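The chain is numbered in sequence order, starting from 1. Note that the structure is a prediction, hence the values are computed from the model and not measured.
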Amino acid sequence: GLSGALETLCGQGFGAKTYRLLGIYLQSSCIISCSFAIAISVLWFYTEPILILLQQDAEISSTAALYIKYLIPGLFAFGLVQNILRFFQTQSIVMPLVWFSVLTLAFHFGIVYCLVTWTDLGFKGAPLAASISLWISLLLLAFYVVLSKRFEQTWT
């Protein structure tokens, strides 16, 4: 939801040929996403007492809290990936998104299998694998933005 405004702003900037603004909008949106991720991660860290306060079963609250704590690192990557996706989409750059998504999905299958079955993490390996996969996706997209010549005007 936070990156929704980026779609409008980058679309307007791209249409008006003020390409330099797209990079500025992306950077601003990333700062905002990280700020909100900090606030949400604090909330997620205290999931168990919040769920118990809402009169949920103690065992389920404990398990849910443990699961969501392993998702916290991925929260930051998720927000940044959403911003980069909007940045690409407003410039009609879609195929790199498809290829990087397929590549990340292939890595994800291997990572989740290894963490869940080959380590002592058990079910905690699943959210940890999701977090790792989100960071892989973010790194691939960020490297593409920095290294590709397609973004010379929009990423200065």
Side-chain angles (χ1 to χ4, degrees), residues 1-11 13-14 19 22-48 50-51 60-156:
L2 290 173
S3 60
L6 186 61
E7 198 166 350
T8 303
L9 292 171
C10 282
F14 192 74
Y19 301 121
L22 273 71
I24 293 170
Y25 292 149
L26 175 61
Q27 293 170 25
S28 300
S29 184
C30 288
I31 292 169
I32 291 168
S33 292
C34 285
S35 300
F36 273 88
I38 291 169
I40 292 169
S41 64
V42 170
L43 184 69
W44 281 9
F45 189 79
Y46 294 103
T47 298
E48 185 175 3
I50 292 170
L51 289 175
I60 292 172
S61 298
S62 175
T63 304
L66 188 59
Y67 187 90
I68 203 142
K69 283 178 184 172
Y70 281 89
L71 278 178
I72 290 173
L75 178 64
F76 292 88
F78 180 77
L80 297 174
V81 164
Q82 291 303 311
N83 293 330
I84 294 175
L85 291 177
R86 298 317 190 276
F87 180 73
F88 277 48
Q89 289 171 346
T90 56
Q91 298 174 66
S92 299
I93 300 172
V94 179
M95 286 314 293
L97 296 176
V98 173
W99 291 116
F100 288 140
S101 295
V102 169
L103 184 60
T104 302
L105 180 64
F107 282 130
H108 180 70
F109 283 136
I111 294 167
V112 75
Y113 180 77
C114 291
L115 289 178
V116 171
T117 59
W118 290 357
T119 67
D120 293 334
L121 290 171
F123 93 101
K124 296 177 282 191
L128 186 58
S131 292
I132 292 169
S133 296
L134 283 166
W135 279 102
I136 289 171
S137 181
L138 173 64
L139 291 173
L140 289 172
L141 292 170
F143 282 130
Y144 187 75
V145 168
V146 171
L147 299 176
S148 176
K149 297 206 181 282
R150 296 176 94 169
F151 301 103
E152 285 181 341
Q153 293 180 325
T154 57
W155 187 260
T156 55

In Å and rounded to the nearest 0.5 Å, what is the [atom1] to [atom2] distance from [X] to [Y]?
X     : Y      : atom1 : atom2 : result
Tyr46 : Ile50  : OH    : CD1   : 9.5 Å
Tyr70 : Ile132 : OH    : CD1   : 11.5 Å
Trp44 : Tyr67  : CH2   : OH    : 10.0 Å
Glu48 : Ser61  : CD    : OG    : 6.5 Å
Phe14 : Gln153 : CZ    : CD    : 8.5 Å
Leu43 : Ile68  : CG    : CD1   : 8.5 Å

Side chain to side chain, [X] and [Y], heavy atoms closer than 4.5 Å:
X      : Y      : result
Phe76  : Ser41  : yes
Trp155 : Arg150 : no
Leu97  : Leu141 : yes

Item to check | Verdict with supporting geometry, Glu7 and Thr90, side-chain contact (heavy atoms from CB on, under 4.5 Å) | outcome: CA-CA 6 Å; Glu7 198 166 350; Thr90 56; 4.2 Å; yes
Taking [atom1] in [X] as the centre, count heavy atoms belonging to other residues, nucleotides or ligands within less than 6.0 Å. Is the count above 12?
X      : atom1 : value
Phe107 : CZ    : no
Phe123 : CZ    : yes
Phe36  : CZ    : no

Next on the checklist: Quick one about Gln82 and Ser33 (side-chain donor to acceptor, distance below 3.5 Å, no hydrogens or angles considered), yes or no?
Outcome noted: no
Ignoring hydrogens, what is the shortest heavy-atom contact between [X] and [Y]? Give both atom names and the distance.
X      : Y      : value
Asn83  : Leu6   : O-CD2, 3.2 Å
Ala64  : Leu51  : CB-CD1, 4.0 Å
Ala130 : Leu71  : CB-CD2, 4.1 Å
Leu9   : Tyr25  : O-CE1, 3.5 Å
Gly74  : Ser131 : N-OG, 3.1 Å

Got a donor-acceptor contact below 3.5 angstrom from the [X] side chain to the [Y] backbone?
X      : Y      : result
Ser133 : Ala129 : yes
Ser137 : Phe100 : no
Gln91  : Phe87  : yes

Item to check | Sole residue of Ser3, Ser29, Cys30 in side-chain contact (heavy atoms from CB on, under 4.5 Å) with Leu80 | outcome: Cys30
Next on the checklist: Check for me whether the distance between the ring centres of Phe151 and Phe88 falls short of 6.0 Å.
Outcome noted: yes
